[in-house]
Amino acid sequence: MRLPPLVPQPTQLHPLPGRFTFDDTTALKIAPGAEGAARLLRTLLGPATGLPLPERSDGTVVLALDPALTGLGDEGYGLTIGAEGVLMRAARPQGLLAGIQTLRQLLPVQALHDMPEPGVTWSVPCAQITDTPRFPWRGAMLDVARHFRPVSFLHRYVDLLALHKLNVLHLHLTDDQGWRMPVPAHPRLTEIGGHPHGGAYTRGELTALIRHAAERGVTVVPEIEMPGHVRAALAAYPALGNRPDRTLDVWDRWGVCDTVLGVHDEVLDFCRDVLDEVMDVFPSQYVHVGGEECPTTEWHASPAARRRAAEEGLDGPEALHGWFMERIGGHLLAAGRRPLGWTETGADLPPYFTVMPWLDTAHGRTAARRGHRVVMAPHRTTYLDYPQSARSDEPPGQPGAVVDLRAVHGTDPAPADWSATETAQVLGAQAQLWTEYVPTAAHAEYLTFPRLCALAEVAWTGRGDWNGFLARLRHHRTRLDALGVPRRLPPPPSPPQERKPDE
Ligand code: ACM
């Protein structure tokens with residue numbers, strides 16, 4: 001029996017004759033430590049199948065954990081499906097969570113529905129699978145600053161990431177156009193910065209999201225932009241800027257804004273306060289502090305900033321950027337976290353930063369040579385806000401490029417001509433959905449899929465076979481249909497919802 005195509009493709013896959021059928025009598029045998037995996041299996045299969053999957057010591061679906069298992073790493077799993085039973089093994093719980101997504105894809109597509117599907121035989125083909133990821137960082141960034149999305153959308157987004165064995169949701173929480181992270185000591189950030197594009201999260205919502213994600217093997221990595229992309233914060237607290245006499249609005253245009261944070265002590269205290277709250281809410285080892293697109297015009301014009309540069313022995317106001325990132329990075333390090341930032345050259349952040357090169361793949365190599373850990377995010381192959389085709393019926397997106405499915409599939413986080421030492425610095429790859437041109441939830445999902453499937457394949461399986469991926473994607477697309485991910489967008493309502501950047 002042919003195996004349903006899987007996305008991402010497992011490392012090793014051997015179809016075997018026969019099928020295993022789940023029914024009301026099927027029970028789980030759950031190893032100590034595998035309880036979370038069992039709960040996830042029941043949660044995912046429950047709505048469509050109604051399978052109770054109780055625990056029994058003689059259960060035929062075995063979720064086994066053995067820390068002494070070698071060769072599977074932290075996230076790999078082995079899955080043996082025989083006609084009489086299923087054995088899933090991993091060294092760590094995370095591996096079982098990945099295996100469960102495979103089992104879910106092997107079931108009939110109706111298993112993905114959120115309503116009861118009577119009359120379906122819930123069987124999976126027999127097979128032997130051994131599966132380990134190529135990279136430990138398989139991410140998707142979502143910009144909730146430019147267009148806010150309610151937390152219910154983020155839960156669903158996490159579910160969609162997990163289906164593809166992606167393990168990082170990077171939340172871009174603050175920018176010129178909005179501030180979505182509540183900070184009790186600075187309530188105006190969300191009171192003022194939560195508008196005009198719609199809202200802010202509560203601490204309780206973020207905590208519940210982080211738990212929901214963890215149950216699916218996904219880490220939520222927060223990003224707070226500094227020292228640029230902070231206009232929403234400056235609208236809330238003008239004293240954080242370079243001209244405290246000036247009041248600013250939350251920006252309602254797109255692009256790079258030249259209002260940036262000041263470099264006085266009060267600003268550093270503010271940033272540390274905000275990051276302390278972020279670290280209190282988000283257990284993620286990595287904390288992203290932006291760092292890119294920071295014009296230094298205001299620092300050049302500000303006597304206080306020039307004085308600061310001189311006092312610190314810097315060459316000039318440009319050098320305040322590195323100085324600032326050093327202060328902030330040091331604060332995160334001292335708290336036991338890993339600072340993460342966007343790099344624009346591969347050599348513009350302190351070496352202990354993990355960096356995301358976004359302009360050019362070559363910056364990743366520069367950064368790797370400098371000893372940075374690197375998560376590849378080059379815009380020409382991982383930015384999902386660019387239109388996915390040049391077709392005339394494609395909705396308007398970020399201008400300047402088309403990033404089609406093949407471009408994403410062709411991205412290689414560690415190209416073959418990089419040295420072993422350079423490659424060893426690469427943690428993985430990430431797709432970015434900036435939302436200037438993404439006004440609705442359906443639009444966000446339309447832009448994300450199927451390109452995120454290609455990113456998942458690159459990051460989990462590795463350098464791939466394009467035709468094979470396309471063939472598997474045809475079936476996988478029916479899974480996305482079952483989950484309600486739109487293939488096309490409805491025509492825009494009139495009057496159009498789209499905000500034009502310069503109107
Ligand atoms: C970026 O695209 N501003 C990282």
Side-chain angles (χ1 to χ4, degrees), residues 137 139-147 168-181 197 221-234 250-251 253-261 286-297 321-322 324-325 328-329 339-349 353-364 366-367 372-388 397-403 407-408 411 413 427-438 444 447-448 451-452 455 501:
W137 187 297
M141 188 220 74
L142 181 67
D143 168 11
V144 290
R146 269 58 173 271
H147 277 102
V168 173
L169 172 64
H170 164 178
L171 271 188
H172 184 79
L173 287 161
T174 69
D175 213 300
D176 295 314
Q177 298 85 357
W179 185 288
R180 315 301 178 190
M181 169 76 205
H197 305 263
V221 172
E223 180 185 358
I224 305 293
E225 275 272 14
M226 56 188 78
H229 284 286
V230 288
R231 171 88 167 232
L234 296 179
V250 177
W251 221 29
R253 297 172 44 194
W254 312 133
V256 177
C257 181
D258 64 6
T259 47
V260 304
L261 289 175
Y286 289 89
V287 176
H288 204 305
V289 286
E292 93 290 17
E293 293 183 324
C294 178
T296 55
T297 344
H321 178 265
F324 189 98
M325 296 312 282
I328 295 305
L340 180 57
W342 302 107
T343 180
E344 300 189 306
T345 62
D348 50 357
L349 290 170
F353 267 68
T354 300
V355 299
M356 293 185 171
W358 64 282
L359 288 172
D360 194 325
T361 303
H363 298 160
T366 305
H372 289 285
R373 297 161 161 246
V374 179
V375 176
M376 292 302 283
H379 69 119
R380 291 206 170 268
T381 52
T382 68
Y383 271 32
L384 307 184
D385 53 329
Y386 287 125
Q388 46 199 327
Q398 189 72 253
V402 167
V403 172
V408 180
T411 195
L427 292 181
Q430 184 171 287
Q432 278 56 240
L433 186 61
W434 303 101
T435 57
E436 288 95 325
Y437 300 90
V438 189
L447 288 177
T448 302
R451 290 182 292 182
L452 194 64
L455 193 282

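Counting convention: from 1, in listed order, for ligands and their atoms alike.
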**Q** Between Trp179 and Met181, which heavy-atom pair has the shortest distance, and what is it?
**A**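 Scanning both residues, the minimum pair turns out to be NE1-O, 2.7 Å.
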**Q** Please report which non-hydrogen protein atom sits nearest to atom 2 (O) of ligand 1, along with the residue it belongs to and the distance in Å to one decimal place.
**A**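 Of every protein heavy atom, Tyr383 OH, 2.6 Å lies nearest to atom 2 (O) of ligand 1.
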**Q** Nearest heavy-atom pair of His172 and Thr174: which atoms, and what distance?
**A**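 Closest approach of His172 to Thr174: NE2-O, 3.3 Å.
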**Q** Whether the Tyr386 and His379 side chains hold a donor-acceptor pair (N or O, under 3.5 Å, no angle test) is what I'd like checked.
**A**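 Yes, side-chain donor-acceptor contact under 3.5 Å.
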**Q** Are the side chains of Asp175 and Arg146 in touch, meaning some heavy atoms are under 4.5 Å apart?
**A**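 Result yes, sub-4.5 Å side-chain heavy-atom pair found.
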**Q** Quick check: Glu292 and ligand 1, any N/O pair under 3.5 Å apart?
**A**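 Glu292 vs ligand 1: N/O contact under 3.5 Å present.
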**Q** Of the side chain and backbone of Glu293, name the one, both, or neither that has a heavy atom under 4.0 Å from an atom of ligand 1.
**A**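 Side chain only.
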**Q** Counting from 1, what ligand 1 atoms have a heavy atom of Trp342 closer than 4.0 Å?
**A**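 Matching atoms, with element in brackets: 4 (C).
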